[in-house]
Amino acid sequence: MKLARYGEKGAERPALVDDQGRLRDLSARVDDIAGAVLSAEGLARLAAIDPISLPLVEKGVRLGACVGDVGKYLCIGLNYADHAKETGKEPPPEPVVFAKAVSAICGPNDDVEIPRGSEKADWEVELAIVIGTRAKYVSEAEALDHVAGYCLANDVSERSFQSERGGQWTKGKSHDTFGPLGPWLVTKDEIADPQDIGLWLDVDGVRRQTGNTRTMIFGVAHIVSYLSQFMTLEPGDVIATGTPPGVGLGMKPPVFLRAGQRMTLGADGLGTQSQLTVQA
């Protein structure tokens, strides 16, 4: 099942994607794609609905982030060995964890702002996990039981803010629009193996990133279990799992985003995104 949210920013409505790729409005059934709706029971109730019984949504509407009311947006850094190598760093012995402000979250095709004072804005295609049920001290064997599904993410970054301004990475990851999510949340039953998902990203039609989640250093189940040892994961929390090689920082010489460029990215079974960069 694929779930989406559509409409103006801050007023998105829930929707289901039918087998012809059309949006069907879920507003009469649930308030949002959030909270208890993401539990196994909540998703089962949505799966039991005949899509034909739901109103069609007009074509061309804006898509919002595919999950609402996100409490935490957590990210895993340097989680692909080849990406760590291109940045000149050793693969980490444990997951590198940082946070992205939830105010950065936006729709999959919204414009992405280049921050004022930015020198090194960069792209990062990623698989994101959406938590479905509360997870605290869960084992790796039971970790996926707490996952509602997966979505495509672009962990847009400003490298000079991230690494050259002191402190931690969060301020280089959290500018408004640095968190496109979607186009839809794909429930975990539709993903045969989260450790075999191809990802790609183009900038102005030039392929920059190509990778597969099978080369992750730490897999999805490990990440969920690991994080749950340090904090309680709640329904709707999002975890971006790291990016494959091909980021601008890793090019020789490095290449960074400027206003007026277009990022297009996708992942197997998770759809595509397209963002125009604009100056903040």
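Counting from 1, the numbers follow the sequence of the chain as shown.
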Hey, are the side chains of Leu227 and Leu74 touching, using non-hydrogen atoms and a 4.5 Å cut-off? yes
Return yes when atom CZ of Arg214 has more than 12 non-hydrogen atoms of other residues, nucleotides or ligands closer than 6.0 Å, and no otherwise. no
Can you tell if the side chain of Asp110 reaches within under 4.5 Å of the side chain of Gln275, non-hydrogen atoms only? no
For the residue pair Pro244 and Thr215, establish whether any side-chain heavy-atom pair is separated by less than 4.5 Å. no
Please say whether more than 12 non-hydrogen atoms of neighbouring residues, nucleotides or ligands are located less than 6.0 Å from CZ in Arg62. yes
Short N-O contact, Asp202 and Arg207, less than 4.0 angstrom: yes
Are Leu38 and Leu185 close enough that some pair of their side-chain heavy atoms sits under 4.5 Å apart? yes
Starting at CD of Glu12, measure out to CG of Asp32 and round the result to the nearest 0.5 Å. 8.0 Å
Any donor-acceptor pair under 3.5 Å linking the side-chain atoms of Gln273 with those of Asn154? no
Less than 4.5 Å apart, any side-chain heavy atom of Thr213 and any of Val220? no
With the side chain counted from C-beta on, respond yes when Met216 and Thr241 share a heavy-atom pair under 4.5 Å apart, and no when they do not. yes
Positive for salt bridge (Lys or Arg N to Asp or Glu O under 4.0 Å) with Arg22, one of Asp18, Asp25, Asp19: Asp18
I'd like to know whether CG of Asp31 has more than 12 heavy-atom contacts from other residues, nucleotides or ligands below 6.0 angstrom. no
With a sphere of 6.0 Å drawn around CD of Gln229, does it hold more than 12 non-hydrogen atoms of other residues, nucleotides or ligands? yes
The reported gap from CZ in Arg5 to CG in Leu181 (rounded to nearest 0.5 angstrom) is 10.0 Å
Is the shortest side-chain heavy-atom distance between Ile33 and Cys66 below 4.5 Å? no
Carboxylate-amine/guanidinium proximity below 4.0 Å for Glu58 and Arg13: no
According to a 4.5 Å side-chain heavy-atom criterion applied to Ile, Leu, Val, Met, Phe, Trp and Tyr, with indirect links allowed, do Phe230 and Ile131 form part of one hydrophobic cluster? yes
Going hydrophobic residue to hydrophobic residue with side-chain gaps under 4.5 angstrom, can you get from Val186 over to Val130? no
Within this structure, what is the OH-CD1 distance for the pair Tyr80 and Ile217, rounded to the nearest 0.5 Å? 10.0 Å
Leu3 and Leu26, any side-chain heavy atoms less than 4.5 Å apart: yes
Is the closest basic N to carboxylate O distance between Glu158 and Arg165 below 4.0 Å? no
